[in-house]
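Every chain is numbered from 1 and lettered A, B, ... according to where its sequence line falls, protein lines coming before strand lines.
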Protein chains: 2
Amino acid sequence: MGEGVEWALHSCVNLAWAGPDRAVSAARLAAWHDLPTAYLNKQLQALARAGIVTSAPGPRGGFRLARPLADISLMDVVAAVEGPEEAFRCAEIRQQGPGGGPAASYAAECAVAQAMGRAELAWRRELAAQSLDDVRQQAERQAPDAPRQLRDWLASR
Amino acid sequence: MGEGVEWALHSCVNLAWAGPDRAVSAARLAAWHDLPTAYLNKQLQALARAGIVTSAPGPRGGFRLARPLADISLMDVVAAVEGPEEAFRCAEIRQQGPGGGPAASYAAECAVAQAMGRAELAWRRELAAQSLDDVRQQAERQAPDAPRQLRDWLASR
DNA sequence: ATAACCTGGATACTAGATATCCAGATTAGA
DNA sequence: TCTAATCTGGATATCTAGTATCCAGGTTAT
Ligand code: SF4
Ligand code: SF4
C-alpha cells in the first residue's frame, strides 16, 4: 500500500474544505502537509485521469473536486492511485517442476487464488461502502476548526 | 503481498497430501514446484515459529503439519509469513506542515486510518473464515490424482 | 507578454522483497 | 562412534517496485 493513497485521500478532503470556487495548486496542497510537491502532483494527475478531480492550468488554476465528496468512495481513490492490480499475484507455481503436469495446465484458477480473491473482494467492498464524506464528517468532529484554518491559510497567499 | 505466501499455502497442502507419517524436507518441497530452496526454507521456518508446522532435523527429518488442515485458516498462514504489519501504514501527515497544529496532535487515530482499518479487518475476517482444508478439497476436485502423484514422487527418492 | 500552473516523460534514489551462503546444532542410521 | 542429512539463523548480495526530482512542453488569467 503506497503512501500516495493517504496523500490523495487527505488532499480530496482538503479540496472539499477549500470549497468549489477556489482551485488549489499542487504546490499548496503539498505545502499544507509538507509533502514532496512533484510527487504529490503525480497522484493528483492520477485522480484527474480517474475523473475524481478536475485540473486547470494557468494562474488561479489548480485542482478542484469533480463531484461532491459523498459521491467519492475510498475505493475510487485507491483504485485511481494504486492501479487495478490485485494484491495477491498468482505466479502459477503449481505448473512448475515435477508437480505441474499437463493435467492441471488447463484447469481454471486454482483454489488458493480463488480464496485470496474472495478476501480481496471483501476488502474492496468495504472500501466502496465508505464515502469520503463520512471521512470528512468524522475529521471535522475530531478537529472542528480544521476547515477554517485551511481556508485562512489559503487566503493568505 | 509477497509470493512467499503462495509458496507457504501450497506447501501446507502438499504436506497434508504427503501424510502425517512422512516428514518432507525443504529441499523436496522446493523441488516439487521448482522454487529456490533456501528462500522457501525461510518461509517454512516462519510457519514453524507460528506453530503451523513442526520441524525436525537430521536424516528422515523435515517438516510436517502441526495440526489438521481444517484447523489452519488462510489468515494463520498469511500472518505467519507476512508479519503483523497492516497494509495501510499511517504516516501521520496531518501533523506535518502548517496544517498540523497541537489541536490535532492528541486526537485519536484519524478518520482515514480508521476507514482503512475497517476494510483491512474485512479482509482478515474473510481469510480467517477459509480453512486450508477447503482449499485442499477444491484442489483435489480440479486435479484428483495430484495427491497420489506427489506421494509417488516422494517415495521415489 | 508574462508568470502561474498542469502534463508527461526521463531519470535518479531508496527501501523492501527476493535469493544465496555459511557456520552451527541436532538426529537417524550404519 | 561416526557420517550424512537436515533444520536454524545470521550475514550478505541482488533485484524490483515505490519514492522523489527534474525538465521541456502546453495552457490560461491578468
Ligand atoms: S493459481 Fe494457485 S498455483 Fe497458480 S499461482 Fe495462484 S495460488 Fe499458485
Ligand atoms: S491518521 Fe490520518 S492523517 Fe495520520 S497518517 Fe493516518 S491517514 Fe494520515
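Taking the six-membered ring where the residue is Trp, B:Tyr39 and B:Trp7 present perpendicular rings, their angle passing 60° and hence far from 30°.
Ionic pairing of B:Arg94 and B:Glu92 is present here: one or more N-O contacts between side-chain nitrogen and carboxylate oxygen are shorter than 4.0 angstrom.
For the residue pair B:Ser11 and B:Asn14, no side-chain donor N or O sits within less than 3.5 Å of a side-chain acceptor on the partner. A donor and an acceptor atom, one from each side chain of A:Gln138 and A:Asp134, are nowhere located under 3.5 Å apart. At a cut-off of 3.5 Å, with distance as the only test, no side-chain donor of B:Trp123 or A:Glu126 sits close to an acceptor on the other residue.
Nearest-nucleotide positions on DNA chain D for B:Gly61 and A:Gly58 put B:Gly61 closer to the 5' end. In this structure, A:Pro59 and A:Glu3 both approach DNA chain D, and ranking their closest nucleotides by distance from the 5' end singles out A:Glu3.
Residue A:Ser55 places at least one side-chain N or O closer than 4.0 Å to OP1 or OP2 of C:dT7.
Between the CZ atom of B:Arg28 and the P atom of D:dC7 there is a distance of 9 Å, rounded to whole Å. Following rounding to the nearest Å, B:Glu85 (CD) and C:dA15 (P) show an atom-to-atom distance of 15 Å. Distance, B:Phe63 CZ to D:dA5 P: 17 Å, rounded to whole Å. Summarising the geometry, the separation between CZ on A:Arg64 and C1' on C:dC6 is reported as 13 Å, rounded to the nearest angstrom. Here D:dC7 presents its C1' atom at 16 Å from CZ of B:Arg60, a figure rounded to the nearest Å.
Not a single donor-acceptor pair under 3.5 Å links the side chain of A:Arg136 to the backbone N or O of A:Val13. Checked by atom type and distance alone, the side chain of B:Asp34 never pairs as donor or acceptor with a backbone atom of B:Ala31 at under 3.5 Å.
Backbone-only engagement by A:Ala26 is indicated by non-hydrogen atom pairs under 4.0 Å involving sugar-phosphate atoms exclusively. Among the atoms of the strands shown, none is found under 4.0 Å from any heavy atom of B:Ala23. Among the atoms of the strands shown, none is found under 4.0 Å from any heavy atom of B:Ala27.
Shown for residues 33-49 of chain A: residues whose heavy atoms fall under 4.0 angstrom of DNA chain D, namely A:Pro36, A:Ala38, A:Tyr39, A:Lys42.
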